Structures are given as structure tokens and as C-alpha cells.
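The next block holds one structure in the form of C-alpha cells; read it before the comments.
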Amino acid sequence: MRARVIVASNRAAAGVYADTSGPRLVSGLRELGCEVGDPVVVPDGDPVAQALREAVADGFDVVLTSGGTGVTPTDRTPEATRGLLDFEVPGIAEAIRAYSRDRVPAAALSRGLAGVAGRTLIVNLPGSTGGAKDGLAVLAPLLKHVVDQINGGDHKP
């Protein structure tokens with residue numbers, strides 16, 4: 001599976017601080033057997049939409065975004081994602097929020113989406129290392145199956 005990580009962070013993109021969630025996602029995806037390069041760090045909003053369009057056009061199987069899923073005025077990742085999706089897979093986003101919310105009540109504020117654009121699974125994750133870790137825990141048992149299904153695979157007997 002080929003994967004890309006896109007980090008939506010105005011401050012990290014401006015060099016104010018180094019992002020830590022993107023490298024965590026890259027490491028986790030590699031542990032799951034994905035081929036993935038360094039994270040792409042962009043400001044939130046239109047740059048996220050552009051990075052997503054490029055990832056879909058480049059034929060990535062999985063794209064994980066980190067950041068921009070909250071309720072601040074600059075959190076625009078779900079809107080950037082929704083415009084590209086052919087359909088949503090709400091159970092994935094719901095499972096990620098449910099996995100985290102008992103330990104981190106603010107997880108309920110995440111507006112992250114999951115869905116399919118073309119043959120690419122896109123999942124929005126919160127912009128923290130904890131959010132990355134929790135997202136990977138939920139995705140680990142699903143990724144191979146969902147990528148197989150997106151590419152026309154049948155359910156195994």
C-alpha cells in the first residue's frame with residue numbers, strides 16, 4: 001500500500017515549531033507495511049485541499065491528514081476533504097473519536113472525516129501525537145481490507 005501523510009498546521013508550515021504528529025503517522029504506517037515518504041506540511045485550508053488533490057491524482061491508496069479538525073476558525077481540513085470525496089465512510093471517523101474520547105474528552109470536538117476519493121482512502125486525524133497514535137490503532141486492522149475493497153476485492157469466505 002502506498003500512503004501519504006499531510007499535516008495541516010499553520011504554525012508548523014511557517015516554521016514556528018516542528019510537527020510531531022506527521023512523523024508518528026509515517027512511522028506507524030510503515031509498521032503496517034505501507035510505503036510512505038516524509039509528511040507534507042501545509043497551512044490549513046486551501047493548501048490542504050491542493051495537497052489532497054495531488055495525492056489522489058498520484059494514486060495513493062491511503063492518505064492520512066493530521067490537524068485542522070477542531071472548531072477554531074482556521075480548522076478547515078474537513079471542508080477541504082469533503083469537497084474531494086466520492087463518498088464518506090463515517091464509521092471510521094466515529095470509531096476514531098470513540099476510541100479516544102474516554103481518555104481525552106476533547107476528542108469529541110474533532111470534526112474529522114473518512115471517505116474515498118477515486119481509489120484513495122482519506123482519513124482526517126487530530127493534530128497531536130496522541131491523535132495520531134489513536135487513529136493508527138483504529139486503522140491498523142482495517143487498512144488492508146478497505147484498500148482491497150476500494151480496488152474491487154471481494155469479501156473473503
Side-chain angles (χ1 to χ4, degrees), residues 1-13 17-42 44 47-49 51-52 54-56 58-72 75-82 84-85 87-151 153 156:
M1 286 184 294
R2 292 179 58 236
R4 177 167 283 169
V5 173
I6 299 170
V7 176
S9 172
N10 294 330
R11 292 177 289 174
Y17 67 78
D19 168 67
T20 56
S21 64
R24 175 66 186 106
L25 289 171
V26 167
S27 171
L29 286 167
R30 286 179 180 156
E31 289 171 14
L32 295 174
C34 293
E35 175 188 328
V36 58
D38 292 336
V40 175
V41 181
V42 296
D44 209 346
V48 175
L52 286 169
E54 290 170 6
V56 171
D58 289 344
F60 283 91
D61 298 301
V62 176
V63 177
L64 301 183
T65 68
S66 173
T69 63
V71 296
T72 73
D75 287 331
R76 308 301 302 158
T77 298
E79 289 74 20
T81 302
R82 185 173 280 118
L84 299 172
L85 296 179
F87 57 90
E88 291 187 35
V89 184
I92 294 174
E94 292 165 7
I96 292 166
R97 282 186 283 274
Y99 185 88
S100 303
R101 75 172 174 248
D102 289 340
R103 292 181 322 282
V104 183
L109 299 177
S110 174
R111 299 180 305 113
L113 301 175
V116 176
R119 294 191 181 266
T120 302
L121 174 69
I122 301 173
V123 180
N124 301 150
L125 298 172
S128 65
T129 55
K133 180 177 155 255
D134 289 355
L136 288 166
V138 171
L139 291 169
L142 302 175
L143 277 185
K144 286 182 183 177
H145 180 68
V146 72
V147 168
D148 182 59
Q149 291 288 291
I150 290 168
N151 288 301
K156 306 284 189 265

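Residue numbers run from 1 in the order of the sequence given. The model shown is predicted, which means the values in this text are computed figures rather than measured ones.
- Within the model, atoms CD1 of I122 and CG of L85 stand 5.5 Å from one another, a figure rounded to the nearest 0.5 Å.
- P39 places a side-chain heavy atom less than 4.5 Å from the side chain of P23.
- Among residue pairs with one or both ends in residues 114-125, none qualify as salt bridge (Lys or Arg N to Asp or Glu O under 4.0 Å); sequence neighbours excluded.
- By the side chain to side chain donor-acceptor pair (under 3.5 Å) test, D19 is found to be paired with S21, residues two or more places apart in sequence or in another chain being considered.
- Listed here is the closest heavy atom pair of G28 and L136: CA-CD1, 3.7 Å.
- In this structure, R2 forms a cation-pi arrangement with F60, its terminal cationic atom sitting closer than 6.0 Å to the ring centre and no more than 45° off the ring axis.
- Scanning for side-chain contact (heavy atoms from CB on, under 4.5 Å) contacts around V147 gives M1, D61, V62, N151, with sequence neighbours left out.
- The line from CD1 of I150 to CG of L121 is 5.0 Å long, rounded to the nearest 0.5 Å.
- Residue I6 holds its CD1 atom at 8.0 Å from CD of E54, rounded to the nearest 0.5 Å.
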Test side chain to side chain contact (heavy atoms under 4.5 Å, CB included) applied to T81 and T77, step by step: CA-CA 6 Å; T81 302; T77 298; 4.0 Å; yes

Side chain to side chain contact (heavy atoms under 4.5 Å, CB included) between V42 and V7, intermediate numbers included: CA-CA 6 Å; V42 296; V7 176; over 6 Å; no

Derivation of the side chain to side chain contact (heavy atoms under 4.5 Å, CB included) call for T69 and D75: CA-CA 6 Å; T69 63; D75 287 331; over 6 Å; no

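- A137 and P141 make their closest contact through O-CD, 3.5 Å (heavy atoms, listed as atom of the first residue, atom of the second, distance).
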Working for side chain to side chain contact (heavy atoms under 4.5 Å, CB included), residues V63 and V123: CA-CA 6 Å; V63 177; V123 180; over 6 Å; no

What pairs of donor and acceptor atoms, side-chain ones from residues 29-36 against any protein atom, are under 3.5 angstrom apart with sequence neighbours left out?
from: R30; atom 1: NE; to: V36; atom 2: O; distance (Å): 3.1
from: R30; atom 1: NH2; to: V36; atom 2: O; distance (Å): 2.7

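- With sequence neighbours left out, P78 forms a side-chain contact (heavy atoms from CB on, under 4.5 Å) with R111, L113, N124.
- R24 meets the salt bridge (charged side-chain N to carboxylate O under 4.0 Å, His left out) test with no other residue; sequence neighbours excluded.
- Using a distance-only test at 3.5 Å, with no hydrogens or angles considered, no donor-acceptor pair links the side chain of D44 to the main chain of N10.
- Applying the side chain to side chain donor-acceptor pair (under 3.5 Å) rule to T120 yields no partners; only residues at least two apart in sequence or on another chain are considered.
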Enumerate, atom names and distances included, each donor-acceptor pair closer than 3.5 Å involving a side-chain atom of residues 87-101, sequence neighbours excluded.
from: E88; atom 1: OE2; to: R82; atom 2: NE; distance (Å): 3.4
from: R97; atom 1: NH1; to: S110; atom 2: O; distance (Å): 3.2
from: R97; atom 1: NH1; to: G112; atom 2: O; distance (Å): 2.9
from: S100; atom 1: OG; to: I96; atom 2: O; distance (Å): 3.3
from: S100; atom 1: OG; to: D134; atom 2: OD2; distance (Å): 2.7

